Amino acid sequence: MENIDINSISAGLSQIVRTAVSPYHTASYALKMLTDNGFKELLFEEEWKLERGGRYVVKVYGSTVAAFTIGDEWDGAGFRLVAAHNDFPCIKLKPSAQIEENNYIKCNAGIYGGAILNTWLDRPLSAAGRVMLKDRSGGTPAAVLVDFARPLFIIPNLAIHMNREVNKGVELNRQKDMLPVLCTNSIGYNSDDRGDVFLSLLAQELKAGPGEILAYDLCLYPVEEPVLLGADNSLFSAGRLDNLTSVQACINATEKGTHTGSLNITMLYDNEEIGSSTKQGAGSVITRAVIERIYNNMGYGSEKFWCGIASSAGLSVDVAHAIHPNYPEKSDITNKLYMNKGFAIKTAIDEKYASDLEVLGMLLDICGKENIPCQRYVNRSDIAGGSTLGAVAAVNLPVKMLDIGVPVLAMHSARETMGIYDQYYLEKAVESFFNWKG
């Protein structure tokens, strides 16, 4: 291994994991990190006045972020784009959530994305997200963020004595088996005067009255701390590595981008885990709108814009599947991903990953010249792989794109594991992509 400060990398990942507990919090985290480093905040609903040499960031619909730097010498001839998603599989609370049964107070909840359900059992869970509050003076309702940042819920397993076949596998029912317990109906907490316990807790957290809460979008998340582990501290374990590893790499690259002849754009999208087909997802025209506004501000017309699209290159940054220590046969026979051996370049014959050959050649050339370890990844032909935002975004913005990311174990578990060195390689690759003058 080269001389890499894994404690610094771990500290950076731990910070984002602790802070980015919902897509709304991830967007706010990215906004703060960039504005603290000299980026000017724009509002999506207002006219922009951009300048060469400017560094800008805008939050879109609360949970998606666009950031860009306009080089002093940029002539409109294309741009560099990096994109990641900031949502994650989780459990979300439904409206009118409270359920009272058998001395328990539970909450009605649904599953967001393709979560591995049994990994959410027996874990202390908190809640975070966005809430709409009435304006006390009768004005427009306000959107506010909330993070309880403490254990509130648990979803208990059924004891083996009540299901002797549990170790042969149990199919969990999303409506029945995944309801989180909030508390017991204890003495002094009578149902006659209690009302809605969770709504009351939420109101207290927001220093508001329960009647002021109009609606909420709240994720449950495990409260366990991220950790380095292993005999050599080379592994990193935490929740939401899919896809906060990529968000971290994109933010760092955006801050460090210095190519004066380039337009560098970073997009952090919500809703990838449910298909990206929302107004704030990669399947919308948000990215095209951002880029068109930049071109218009710089005095370039439609023809220059479309020429720029054809001359541009992008990276879709999302995690990949490391070879599993106990199931190596699940990996492709010649394209295996080893932890701490380099970030993954993901391609797919069925184009579920963005797999442009020109960008692939460009990135491999960059990595070779910059001595950045990388590995190739494809799925086994007899195992259907997942998909990510690169191919989805290209439908509305036909930019040459390539998918990359860090290898992880237990993708979509409540807690995932990665090689800490791979984060360094990923961040270096994305930064070099932004700054490459070749």
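Because the structure is predicted, anything quoted here is derived from the model rather than measured. All heavy atoms count here, side chains included; hydrogens, waters and symmetry mates do not.
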Pi-cation contact, Tyr61 with Lys279 (under 6.0 Å, within 45°): yes
Measure from NZ or CZ of Lys40 to the centre of the six-membered ring of Tyr56, then state whether that distance is under 6.0 Å and the direction lies within 45° of the axis. no
[X] and [Y]: aromatic ring centres closer than 6.0 Å?
X      : Y      : value
Trp48  : Tyr295 : no
Phe343 : Tyr425 : no
Trp306 : Tyr300 : no

Any salt bridge between [X] and [Y], counting N to O under 4.0 Å?
X      : Y      : result
Glu329 : Arg380 : no
Lys369 : Asp365 : yes
Lys428 : Glu370 : no

For the side chain of Ser284 and the backbone of Gly281, is there at least one donor-acceptor N/O pair under 3.5 Å apart? yes
Applying ring-ring contact (aromatic ring centres under 6.0 Å, His included), can you list everything that pairs with Phe44, at least two apart in sequence or on another chain?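 None.
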Checking Phe198 against Leu93 for the side chain to side chain contact (heavy atoms under 4.5 Å, CB included) test, could you report, in this order, the C-alpha distance in whole Å, the side-chain angles of both residues, the deciding distance, and whether it holds? CA-CA 10 Å; Phe198 179 73; Leu93 296 181; 3.5 Å; yes
Quick check on Lys168: does its NZ atom have over 12 non-hydrogen neighbours (other residues, nucleotides or ligands) under 6.0 Å away?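 It does not: Lys168 NZ has 12 such atoms or fewer within range.
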Positive for side-chain hydrogen bond (donor to acceptor under 3.5 Å, both in side chains) with Glu255, one of Asn37, Thr69, Thr266: Asn37
